[in-house]
There are 2 protein chains.
Amino acid sequence: MRVEDAAAVRDLTLFRSLGDEAFAQLMDAAYLQRFPPGVVLISENERADFLHVVVEGTVEMFATSHGRETTIELIRPVGLFLLAAVLKDQIYLQSARTLAKSQLLLIPAEKVRMAMERELPFMRAIVMELASDYRSTIRDLKSLKLRTSAERLANWLLRAEAEQGGSGQIELPCEKRTLAARLGMTPENLSRAFASLSAYGVQSKGSIVAISDLSRLSDFAAPDPLIDERDPS
Amino acid sequence: MRVEDAAAVRDLTLFRSLGDEAFAQLMDAAYLQRFPPGVVLISENERADFLHVVVEGTVEMFATSHGRETTIELIRPVGLFLLAAVLKDQIYLQSARTLAKSQLLLIPAEKVRMAMERELPFMRAIVMELASDYRSTIRDLKSLKLRTSAERLANWLLRAEAEQGGSGQIELPCEKRTLAARLGMTPENLSRAFASLSAYGVQSKGSIVAISDLSRLSDFAAPDPLIDERDPS
DNA sequence: TGACCCGATTGATAATTATCAATCAAAAGT
DNA sequence: ACTTTTGATTGATAATTATCAATCGGGTCA
C-alpha cells in the first residue's frame, strides 16, 4: 500500500478512534488485495467474513432478486462497506463488484469485533458510523419515494457538482447504466432524463456533464436538505 | 405505566443490556405521555431531543418534501424510534404521528448518550440495534427497487400472516392508505393490487385480509429471504 | 487504420403507476 | 337510528417508467 493511501485509511473517522497499537493489530491481520475491474468481491447471502476498505478504485454495491438487479451504492476511496453485516455476524444483504482496477483492504470480521470490545472509542466511532449509514439510507429511501426519476437525477447532479469543487463540471464516477440503477431507473430512462434536463442547462457528453446555470437547475430539482445534504460533523 | 408495559420496556434488547441502576436512572429522567390519535409527535427538521419508546398504540414515521408525503415505517409496542438522530445529535429526517391512542416514553437524548458512555453493554446493544435498523432499511430499499407494487404487497401480506400467528388471517395494523404509502404506492393502486391478488386467493374485507392458499400466493410473491426475513437472533 | 465491441441513445410501444372524479361503504358523532 | 364524515373502491384517463429493437458513436485492439 502506498504511504499516502495508508495515511488516508488511518485518517478515516472510524480508525482515528483507535490507538496506534490497536490500529496496527488490525492492519497486521488485514489483507491488501488488488483486483481488476468487474470482479465480484462479495455475493449476497455469504457469511460476513471481512470488513472491506476501498483504498483505490471503485466498488459497486448491488443487489439481485429473481433475475432483477439494482445498484445500492458506490464506494470510492477511502470508504468502507459491510460494517453492519460484520458486526451482526450475519449474511450480507448486498453484493459487491469492482468497477475499476481497485485496491482493497480486507479486515477479518472477528478482529473488528474484538477491537470493538477492547477499545471503547472504537465502539463509539462504530455507533456514529452506523447511525450515519442508516440516516443516509433513509435519505435514499425518501428520494425514491418522493421524487420522479428526473428529479432524482437533477439532485444527484447538484450534489456531485458541489462535491467535485463547484466548477459547473461533473465527471461521472461510473458508467451511465450504473448511475441509472443507482438512481432507480433504466439506462434508457436516464438518457431521457438527461435530455429533459437540457431545458435547465444540463449538457452531457460522454462521462462529462456540464451545468450552465446552477440556479435554473436548482429551481427544477428543488433540493431538500433532509434528503440531499450529508449529516454535518 | 402498567406493570406489564414497564416489564416489556425493560425486556427490550436495548434495555436488557443495562444494569438495574442505570435503567432506573434513565426511567427517572423519562416522561411517560399519552396521546390521542393523529397527533404529530415529531416534525422532521427538529433537533433530536428525545429517544421515543412506543409503549402502547401505533406510531407512523413519515416524511414530506415539497408537498408530497410518504410513510417510512410503522412502530408498534414495544418499539423505539429516532435512535440514530439522538446519537448523532442531529435533526430528525422523519416525522412521527400517532395513528391510535398511544402511550410513549420519552427519554432525554442527553441521558441516552450519557448512559451509552457509562455502560459498555448498552453501547454494544446500541451497535446491534443500529446495525439491525440499517439492514432493515436496506431490505426496504431492495423491495422498492426490485419489485412491482403488487409483489411488494404480496410479500408484505405473507410476512404479516406469519407474524400474526399463521392463521391465514391478517388484521391490518393501519388504514389502507397508510399501508399504501408504506409500500410505496397510492391508495388507489393498493386497492387494485388487492384486486389482482384475488387471483391468488387473497380476499380483503375492511381491515381483515384472508389468504386462502399460502403456497399459491407465495408462488406469485416469490419471497426472498434477503428482503423479507428479519435478521436472526 | 479499420473492424469490432460495448455502452449510449433514440424511437416505438407496452406496462405500470398516478391522478382525477364519482360513488360506495363503513365508522363516528349527535 | 340517523346524519355526517371519512376512507375505500371503481372507472376513465394521463403521466411515468419499462421494454424491445435499431442505430449511433466512442474506445479498443489487431
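Just so we're on the same page: letters track the sequence lines, and every chain starts at 1. The figures that follow rest on heavy atoms only: side chains count, while hydrogens, waters and symmetry mates do not.
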Between [atom2] on [N] and [atom1] on [X], what's the gap in Å once rounded to a whole number?
X	N	atom1	atom2	result
A/Leu197	D/dT16	CG	C1'	15 Å
A/Leu144	D/dT17	CG	C1'	13 Å
A/Gln203	C/dA8	CD	P	18 Å
A/Leu99	C/dG7	CG	P	12 Å
A/Leu179	C/dG7	CG	P	15 Å

[X]: which residues meet the side-chain contact (heavy atoms from CB on, under 4.5 Å) condition with it, sequence neighbours left out?
X	result
B/Glu4	B/Arg2
A/Asp224	A/Arg147, A/Leu226, A/Ile227, A/Asp228, B/Ser65, B/His66
A/Glu73	A/Met61, A/Ile75, B/Tyr134
B/Arg182	B/Thr71, B/Asp140

Name each donor-acceptor pair under 3.5 Å that joins a side chain in residues 190-200 of chain B to protein atoms two or more places apart or in another chain, with its distance.
{"unit_1": "B/Ser196", "atom_1": "OG", "unit_2": "B/Ala193", "atom_2": "O", "d": "2.9"}
{"unit_1": "B/Ser198", "atom_1": "OG", "unit_2": "B/Ala195", "atom_2": "O", "d": "2.7"}

With a 4.0 Å cut-off on N to O distance, would you call [X] and [Y] a salt bridge?
X	Y	result
B/Glu188	B/Arg177	no
B/Lys88	A/Glu129	no
B/Asp231	B/Arg139	yes

**Where protein sits on nucleotides 18-30 of chain C, one letter per nucleotide: B base, S sugar-phosphate only, - none, heavy atoms under 4.0 Å** = SBB----------
**Residue whose closest nucleotide on DNA chain D lies nearer the 5' end, A/Arg147 versus B/Pro187** =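 Taking each residue's closest nucleotide, the earlier one in sequence belongs to B/Pro187.
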**Asked** Which pairs pass salt bridge (Lys or Arg N to Asp or Glu O under 4.0 Å) with one or both residues in residues 93-106 of chain A, sequence neighbours excluded?
**Response**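 Residue pairs passing salt bridge (Lys or Arg N to Asp or Glu O under 4.0 Å), neighbours aside: A/Glu60-A/Arg97, A/Glu69-A/Arg97.
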**Pairs satisfying salt bridge (Lys or Arg N to Asp or Glu O under 4.0 Å), at least one member in residues 201-215 of chain B, at least two apart** = B/Asp213-B/Arg216
N/O donor-acceptor pairs under 3.5 Å from side chains in residues 35-52 of chain A, not counting sequence neighbours:
{"unit_1": "A/Glu44", "atom_1": "OE1", "unit_2": "B/Lys142", "atom_2": "NZ", "d": "3.3"}
{"unit_1": "A/Glu44", "atom_1": "OE2", "unit_2": "A/Thr64", "atom_2": "N", "d": "2.9"}
{"unit_1": "A/Glu44", "atom_1": "OE2", "unit_2": "A/Thr64", "atom_2": "OG1", "d": "3.4"}
{"unit_1": "A/Glu44", "atom_1": "OE2", "unit_2": "A/Ser95", "atom_2": "OG", "d": "3.1"}
{"unit_1": "A/Glu46", "atom_1": "OE1", "unit_2": "A/Ser43", "atom_2": "N", "d": "3.4"}
{"unit_1": "A/Arg47", "atom_1": "NH2", "unit_2": "A/Asp89", "atom_2": "O", "d": "3.1"}

Between protein and nucleic acid, restricted to nucleotides 22-24 of chain D and to nitrogen or oxygen atoms under 3.5 Å apart, what atom pairs and distances do you find?
none

**Asked** For atom CZ of B/Arg10, is the number of surrounding heavy atoms from other residues, nucleotides or ligands below 6.0 Å larger than 12?
**Response**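 Check passes, neighbour count above 12.
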**Request:** Describe, as an angle rounded to 10 degrees, how the axis at the first end of the helix from C/dT1-D/dA30 to C/dT30-D/dA1 is tilted relative to the axis at the last end, five pairs per end.
**Result:** 40°
Are there any protein N/O atoms within less than 3.5 Å of an N/O atom in nucleotides 5-7 of chain D, and if so, which ones and at what distance?
{"unit_1": "D/dG7", "atom_1": "OP1", "unit_2": "B/Arg177", "atom_2": "NH2", "d": "2.2"}
{"unit_1": "D/dG7", "atom_1": "O5'", "unit_2": "B/Arg177", "atom_2": "NH2", "d": "3.3"}

**Asked** Looking just at side-chain N and O atoms, do B/Ser207 and B/Lys176 make a donor-acceptor pair shorter than 3.5 Å?
**Response** no
**Asked** Given D/dT17, is OP1 or OP2 found less than 4.0 Å from the side-chain N or O atoms of A/Ser149?
**Response**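 Answer is yes, contact under 4.0 Å.
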